[in-house]
Amino acid sequence: MSNISTGQPSKVKVGLSQASESSLKRKRGVFQKDSVQHMMYGFGDDPNPLPETVGLVEDIVVEYVTDIVHKAQDTASKRGKLLTEDFLFLIRKDLPKMNRCTELLSMNEELKQARKAFEVDEEKLASIE
């Protein structure tokens, strides 16, 4: 649309919401320099993908994570506290993601228990000496 009196385009953007407008302005470089490139290679891409491809994948990942965090925050807003279960609720229908998340959460719990046991052993050794 053009402003007839001045001949300049109007400031109204048709079809763009605030959220999508802010997603276009996202910064790159959220991840470490080569981490996206290494992840892409790990999933079967070329060892040296094009920088444009790496940038696109990073943008997609950042957008996905941002969206899921906002949705989880909306889910948790009634309770007032964001919990891990809010994220699990959002991905409950995507079984591969759900299985991987539960696997990682259980592994994290095992690591916490192992660290706790290791700290107790160190304290016992220190008291013996």
Side-chain angles (χ1 to χ4, degrees):
M1 297 184 151
S2 295
N3 190 340
I4 296 172
S5 62
T6 62
Q8 297 176 351
S10 67
K11 300 282 181 178
V12 178
K13 292 185 179 181
V14 179
L16 284 180
S17 67
Q18 281 289 50
S20 65
E21 203 172 312
S22 66
S23 69
L24 295 174
K25 296 179 183 178
R26 261 191 207 103
K27 292 183 205 174
R28 285 210 174 141
V30 174
F31 295 100
Q32 290 181 357
K33 184 180 176 188
D34 293 333
S35 62
V36 175
Q37 184 177 347
H38 292 304
M39 283 188 277
M40 290 171 63
Y41 179 64
F43 281 101
D45 199 359
D46 191 70
N48 296 311
L50 295 173
E52 295 86 6
T53 307
V54 175
L56 178 64
V57 169
E58 182 176 1
D59 289 346
I60 291 169
V61 170
V62 168
E63 184 175 345
Y64 174 77
V65 170
T66 303
D67 286 345
I68 200 159
V69 168
H70 284 291
K71 288 177 185 176
Q73 195 171 14
D74 290 342
T75 303
S77 65
K78 298 173 186 93
R79 186 177 48 255
K81 186 177 182 182
L82 187 62
L83 299 173
T84 307
E85 287 76 23
D86 297 320
F87 292 98
L88 293 174
F89 175 76
L90 290 173
I91 61 168
R92 69 190 183 279
K93 293 180 182 176
D94 190 349
L95 289 179
K97 285 181 190 166
M98 183 70 172
N99 291 336
R100 181 66 175 149
C101 284
T102 53
E103 178 186 353
L104 290 172
L105 288 169
S106 65
M107 186 70 72
N108 188 37
E109 213 37 57
E110 288 178 30
L111 288 171
K112 282 182 184 178
Q113 295 298 326
R115 285 186 197 113
K116 187 183 275 188
F118 186 70
E119 288 173 5
V120 171
D121 290 344
E122 281 185 347
E123 290 173 6
K124 285 181 183 179
L125 288 174
S127 65
I128 293 173
E129 294 175 352

Does V36 form a side chain to side chain contact (heavy atoms under 4.5 Å, CB included) with M40? I'd like the steps, not just the answer. CA-CA 6 Å; V36 175; M40 290 171 63; 3.9 Å; yes
Apply side chain to side chain contact (heavy atoms under 4.5 Å, CB included) to the pair T75 and F87, showing each step before the final yes or no. CA-CA 9 Å; T75 303; F87 292 98; over 6 Å; no
Partner residues of D94 under the side chain to side chain donor-acceptor pair (under 3.5 Å) criterion, sequence neighbours left out: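 So D94 forms a side chain to side chain donor-acceptor pair (under 3.5 Å) with K97.
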Check this for me: does any side-chain nitrogen of one of E119 and K116 sit under 4.0 Å from a carboxylate oxygen of the other?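 So E119 does not pair with K116 through a salt bridge.
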Is D86 paired with K71 through a side-chain N to carboxylate O contact shorter than 4.0 Å?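 No, K71 and D86 are not salt-bridged.
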Show your working on side chain to side chain contact (heavy atoms under 4.5 Å, CB included) between I68 and I91 and close with a plain yes or no. CA-CA 9 Å; I68 200 159; I91 61 168; 3.6 Å; yes
Using a 3.5 Å distance criterion without hydrogens, assess whether the side chain of [X] forms a donor-acceptor pair with backbone atoms of [Y].
X	Y	result
Q37	V54	no
N99	L95	yes
T102	M98	yes
T53	P49	no

Going by salt bridge (charged side-chain N to carboxylate O under 4.0 Å, His left out), name the residues that satisfy it together with R92, two or more places apart in sequence or in a different chain.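 Partners of R92 by the salt bridge (charged side-chain N to carboxylate O under 4.0 Å, His left out) criterion come out as none, since no residue qualifies.
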Apply salt bridge (charged side-chain N to carboxylate O under 4.0 Å, His left out) to R115 and list each qualifying residue two or more places apart in sequence or on a separate chain.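 Once residues adjacent in sequence are excluded, R115 has no partner under the salt bridge (charged side-chain N to carboxylate O under 4.0 Å, His left out) criterion.
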Over all atoms of both residues, closest heavy-atom pair of L83 and R79: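 For L83 versus R79, the nearest heavy atoms are CD1-NE, 3.5 Å.
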